[in-house]
Amino acid sequence: MATAALDRAAALAPRAVTRATGESRAVRWTLIAVALGFLAVTLVLPLVLVFTQALAKGLPAYWAAITEPDALSAARLTLLVALIAVPVNVVFGVAAAWCISKFSFPGKNLLITLIDLPFAVSPVISGMIFVLLFGAHGWFGPWLSQHDIKIIFAVPGIVLATMFVTAPFVARELIPLMQEQGCEEEEAAMVLGAGGWQTFFRVTLPNIKWGLLYGLILCNARAMGEFGAVSVVSGHIRGETNTLPLHVEILYNEYAFAASFAVASLLTFLALVTLALKTLVEWQQRRATAGQADIESIPEKPVLSPAKEIAV
Amino acid sequence: MRQTSRSVLPGFGLSLGITCTYLSLVVLLPLATVFARTSELSGSALWAIVTAPRVMASYRVTFGASLVAALINTVFGLLVAWVLVRYRFPGRRVVDAMVDLPFALPTAVAGIALTTLYASNGWIGGRLDLLGIKVAYTWLGITVALVFIGLPFVVRTVQPVLDDLEVEVEEAAASLGAQRWQTFTRVVFPTIAPALLTGFALAFARAIGEYGSVVFIAGNMPMKTEIVPLLIITKLEQYDYAGATAIAMVMLIVSFGLLLTINLLQWAARRRTAA
């Protein structure tokens with residue numbers, strides 16, 4: 001780290017050097033204090049509040065709130081939606097990254113932009129488009145009701161809206177990573193007689209595993225936590241089409257604050273686990289690239305572009 | 001460019017097929033319905049819907065609060081990124097990881113937590129109430145929620161650029177007699193300005209579409225604290241599909257315009273660093 005080296009040099013060198021490329025002690029600590037104070041108020045306080053409010057009525061009430069039938073069925077639905085949306089997203093993301101990074105074809109940049117599109121769409125609109133298609137007054141509405149198929153205000157609608165919202169997550173993570181890795185290793189495997197799938201599972205997959213895991217974690221967090229899009233298509237039927245975030249909303253609007261925060265604390269816990277895993281994977285990934293850089297003396301590049309953060 | 005790889009590596013048809021089919025069915029066709037539906041309206045009817053007083057008021061609320069929130073995020077995001085990159089203090093790694101909390105926390109949870117915090121009997125709201133400042137259920141509350149969700153965008157766009165900044169340039173400025181503040185405004189700031197602008201645009205783009213974290217704290221009074229996404233939902237619940245789609249189309253055009261601007265900004269920044 002250049003800065004660490006600089007700090008060390010500054011500690012040894014006369015005062016003039018310290019002032020040249022760093023701030024004085026007073027300025028430094030003021031800036032740190034202001035930044036940390038701001039983060040404490042905006043990020044930490046809401047976090048602490050969730051757990052305090054969740055336990056406001058004691059542990060038994062907390063336990064009752066998260067184990068009542070409606071909460072359990074909401075948790076089941078949330079898991080089901082994630083179990084469908086995340087694997088589908090992984091297949092799509094790997095396929096998209098494979099064709100974009102390993103081949104050149106016209107319209108490639110357009111395809112990359114189109115994959116990003118759901119990030120630019122408001123969650124409410126993401127839900128609305130499925131109501132326009134499959135709702136009672138939607139394009140396929142009459143046909144669906146004739147055949148007794150329910151998509152809107154039912155589980156399929158929730159899955160579809162979640163799939164829309166999470167579509168870019170894995171692809172966004174893998175495309176820059178695989179573009180940087182190029183296709184020499186895969187070509188070598190093919191020349192040595194490996195089959196296509198063998199090449200993918202033995203060569204490509206080990207190379208992209210951390211990036212894939214990273215995208216998967218973020219995708220899962222969004223799939224389980226999505227509120228706006230799901231809220232539009234769900235219909236809020238208790239015990240049937242309520243996901244955990246929607247259950248939080250219903251309890252809150254019924255002034256069952258402690259119960260609402262109890263369920264919210266589960267989602268907050270999920271968010272904290274996501275952050276921990278994300279940090280761990282980033283660390284692993286950096287180590288992997290650093291190792292590679294040592295061996296092949298490639299200048300170390302940040303694997304994750306800042307743009308990928310739009311993803312979340 | 002990759003003629004050889006094309007002939008050696010398999011799976012082009014399969015992977016492109018999966019990608020295009022999935023993208024079309026799940027993303028593009030559903031999105032296209034917004035434009036198809038609005039084309040059913042006549043031009044004057046469309047104009048009447050998207051410029052109705054209640055809709056105009058909701059634009060003012062959404063765009064105004066988003067702009068203020070994005071500006072606050074730009075200032076504090078730069079500060080946080082600077083402190084994280086330049087200084088060493090205990091707990092820095094934890095703080096760094098925590099910056100992503102708004103990305104990971106479901107918006108509904110953020111919404112109820114911020115509302116409780118800033119309500120007139122809340123930890124922060126109670127204190128501000130004594131000063132006569134109301135946050136929850138006002139325009140200020142909307143801004144607070146949007147600051148929360150937008151913060152990581154600025155920090156995470158500025159951070160890598162600050163990290164890559166060469167100390168030699170600052171040393172040169174200092175050795176040529178520049179004061180520290182001069183070095184910052186004349187040397188450091190121009191370098192990170194494109195990233196800062198991108199972060200601002202990303203935070204703003206996210207803010208205008210935001211629903212979950214805002215809807216609890218907003219109060220949702222028509223003409224005063226009603227955001228555009230909520231108005232779309234209200235119209236949908238009244239089965240006013242034409243109204244909902246027309247407003248949604250306006251928002252989509254703004255969002256796509258922003259996406260294009262952000263891509264251009266990043267392209268320009270990349271070209272500058274390459275040159």
Q. So which part of B:Leu114 gets closer than 4.5 Å to some heavy atom of chain A, the side chain, the backbone, both or neither?
A. side chain
(Q) With a 4.5 angstrom heavy-atom cut-off, is it the side chain or the backbone of A:Val263 that approaches chain B, or both, or neither? (A) neither
(Q) Could you report the tightest heavy-atom contact between A:Gly225 and B:Pro106, atom names first, then the distance? (A) O-CB, 3.6 Å
Q) Based on non-hydrogen pairs under 4.5 Å, which of A:Val248, A:Ile129, A:Thr274, A:Val131 is most in contact with chain B? A) A:Ile129
(Q) If I measure from the heavy atoms of chain A, does B:Phe216 come under 4.5 Å with its side chain, its backbone, both, or neither? (A) side chain
Q) chain B: which of A:Ala171, A:Ala96, A:Ala97 shares the most heavy-atom pairs with it under 4.5 Å? A) A:Ala96
Q | Part of B:Trp82 within contact of chain A (heavy atom distance under 4.5 Å) | A | side chain
Q: Please flag which part of A:Leu114 lies under 4.5 Å from any non-hydrogen atom of chain B: side chain, backbone, both or neither.
A: both
Q. Applying the side-chain contact (heavy atoms from CB on, under 4.5 Å) test to B:Leu117, which of A:Val48, A:Val50, A:Val41, A:Leu45 qualifies?
A. A:Leu45
Q | Structural part of B:Asn263 lying under 4.5 Å from a heavy atom of chain A | A | side chain
Q: Could you tell me which of B:Ile18, B:Val99, B:Leu16, B:Val158 has the largest number of non-hydrogen atom pairs under 4.5 Å with chain A?
A: B:Leu16
Q: Pick one of side chain, backbone, both or neither for A:Leu43, based on which atoms fall under 4.5 Å of a heavy atom in chain B.
A: both
Q. Of the backbone (N, CA, C, O) and the side chain (C-beta and beyond), which part of A:Trp139 lies under 4.5 Å from a heavy atom of chain B, both, or neither?
A. both
Expected list for residues 20-37 of chain B: side-chain donor-acceptor pairs under 3.5 angstrom, two or more places apart:
unit_1: B:Thr21; atom_1: OG1; unit_2: B:Gly17; atom_2: O; d: 2.5
unit_1: B:Ser24; atom_1: OG; unit_2: B:Cys20; atom_2: O; d: 2.6
unit_1: B:Thr33; atom_1: OG1; unit_2: B:Pro30; atom_2: O; d: 2.3
unit_1: B:Arg37; atom_1: NH2; unit_2: A:His137; atom_2: O; d: 2.9

Q. What part of A:Ile115 lies closer than 4.5 angstrom to a heavy atom of chain B: side chain, backbone, both or neither?
A. both
**Q.** Region of A:Thr204 that comes under 4.5 Å of a non-hydrogen atom in chain B
**A.** neither
Q: Pick one of side chain, backbone, both or neither for B:Ile124, based on which atoms fall under 4.5 Å of a heavy atom in chain A.
A: side chain
**Q.** Partner chain A: residue of B:Ser213, B:Ser255, B:Ala113, B:Gly91 with the largest heavy-atom pair count (under 4.5 Å)
**A.** B:Ala113
Q.
With a 4.5 angstrom heavy-atom cut-off, is it the side chain or the backbone of A:Leu31 that approaches chain B, or both, or neither?
A. both
Q | Neighbour count >12 (heavy atoms, 6.0 Å) for atom CD, B:Gln179 | A | no
(Q) Between A:Trp29 and B:Phe89, is there a side-chain heavy-atom distance shorter than 4.5 Å? (A) yes
Q | Contact leader toward chain B among A:Phe200, A:Phe257, A:Phe227, A:Phe134, where contacts are heavy-atom pairs under 4.5 Å | A | A:Phe227
(Q) At a 4.5 Å cut-off on heavy atoms, which part of A:Leu36 comes close to chain B: side chain, backbone, both, or neither? (A) side chain
Q: Compare every heavy atom of B:Pro10 with every heavy atom of A:Phe103, then report the nearest pair and how far apart it is.
A: CZ-O, 3.5 Å
Q.
Applying side-chain contact (heavy atoms from CB on, under 4.5 Å) to B:Leu105 and A:Leu267, what does each step give before you reach the verdict?
A. CA-CA 7 Å; B:Leu105 194 68; A:Leu267 290 167; over 6 Å; no
(Q) Just verifying a value: how many Å separate A:Arg28 CZ and B:Arg86 CZ, rounded to the nearest 0.5 Å? (A) 12.0 Å
Q) Given that the side chain runs from C-beta out, which part of A:Leu272 has a heavy atom under 4.5 Å from chain B: side chain, backbone, both or neither? A) side chain
Q: Identify which of B:Trp123, B:Phe148, B:Tyr239 forms the greatest number of heavy-atom pairs closer than 4.5 Å to chain A.
A: B:Trp123
Q: Pick one of side chain, backbone, both or neither for B:Ala244, based on which atoms fall under 4.5 Å of a heavy atom in chain A.
A: both
Q. Between CD1 of B:Ile112 and CD of A:Glu249, what distance do you get to the nearest 0.5 Å?
A. 10.0 Å
Q. Run the side-chain contact (heavy atoms from CB on, under 4.5 Å) check on A:Phe38 and B:Val147 step by step: do they pass?
A. CA-CA 11 Å; A:Phe38 174 77; B:Val147 167; 4.1 Å; yes
Q: For residues B:Ala97 and A:Thr279, report the shortest heavy-atom separation together with the two atoms involved.
A: CB-OG1, 3.4 Å
**Q.** Point-to-point distance, once rounded to the nearest 0.5 Å, from CG of A:Leu117 to CG of B:Leu259
**A.** 6.5 Å
Q: With sequence neighbours left out, write down each residue that passes side-chain contact (heavy atoms from CB on, under 4.5 Å) with B:Val75, or none if nothing qualifies.
A: none
Q. Can you say whether B:Thr198 sits under 4.5 Å from chain A via the side chain, the backbone, both, or neither, judging by heavy atoms?
A. neither
Q. Checking heavy atoms, do the side chain of B:Leu101, its backbone, both or neither come under 4.5 Å from chain A?
A. both
Q: List the steps, then state whether side-chain contact (heavy atoms from CB on, under 4.5 Å) holds for B:Ile208 with A:Ser122.
A: CA-CA 8 Å; B:Ile208 60 169; A:Ser122 166; over 6 Å; no
Q. Between A:Trp98 and B:Ser15, which heavy-atom pair has the shortest distance, and what is it?
A. CD1-OG, 3.4 Å
(Q) Would you say that A:Val34 contacts B:Phe76 through its side chain, given a criterion of any heavy-atom pair below 4.5 Å between the two side chains? (A) yes
Q: State the OG1-CD distance between B:Thr183 and A:Glu23, to the nearest 0.5 angstrom.
A: 9.5 Å
(Q) Looking at every non-hydrogen atom in both residues, tell me the closest pair between A:Leu275 and B:Met98 and how far apart they are. (A) CD1-CA, 4.4 Å
Q: Pick one of side chain, backbone, both or neither for B:Leu14, based on which atoms fall under 4.5 Å of a heavy atom in chain A.
A: side chain
Q) Got B:Phe12 and A:Phe105 here, is their nearest side-chain heavy-atom distance under 4.5 Å? A) yes
Q: Apply side-chain contact (heavy atoms from CB on, under 4.5 Å) to the pair B:Thr115 and A:Tyr252, showing each step before the final yes or no.
A: CA-CA 11 Å; B:Thr115 311; A:Tyr252 186 85; 3.4 Å; yes
Q. Checking heavy atoms, do the side chain of A:Gln53, its backbone, both or neither come under 4.5 Å from chain B?
A. side chain
Q: Please state whether the side chain, the backbone, both or neither of B:Leu151 comes within less than 4.5 Å of a heavy atom of chain A.
A: side chain
Q: Give the minimum heavy-atom separation between B:Ala104 and A:Ala271, together with the two atoms involved.
A: O-CB, 3.4 Å
(Q) Please classify the contact of A:Thr268 with chain B as side chain, backbone, both or neither, using a heavy-atom distance under 4.5 Å. (A) both
(Q) Please identify, among B:Ala195, B:Gly11, B:Ala110, the residue contributing the most non-hydrogen atom pairs under 4.5 Å to chain A. (A) B:Gly11
**Q.** Residue pair B:Thr245 / A:Met128, side-chain heavy-atom distance below 4.5 Å
**A.** yes
Q) With a 4.5 angstrom heavy-atom cut-off, which part of A:Phe164 approaches chain B: side chain, backbone, both or neither? A) both
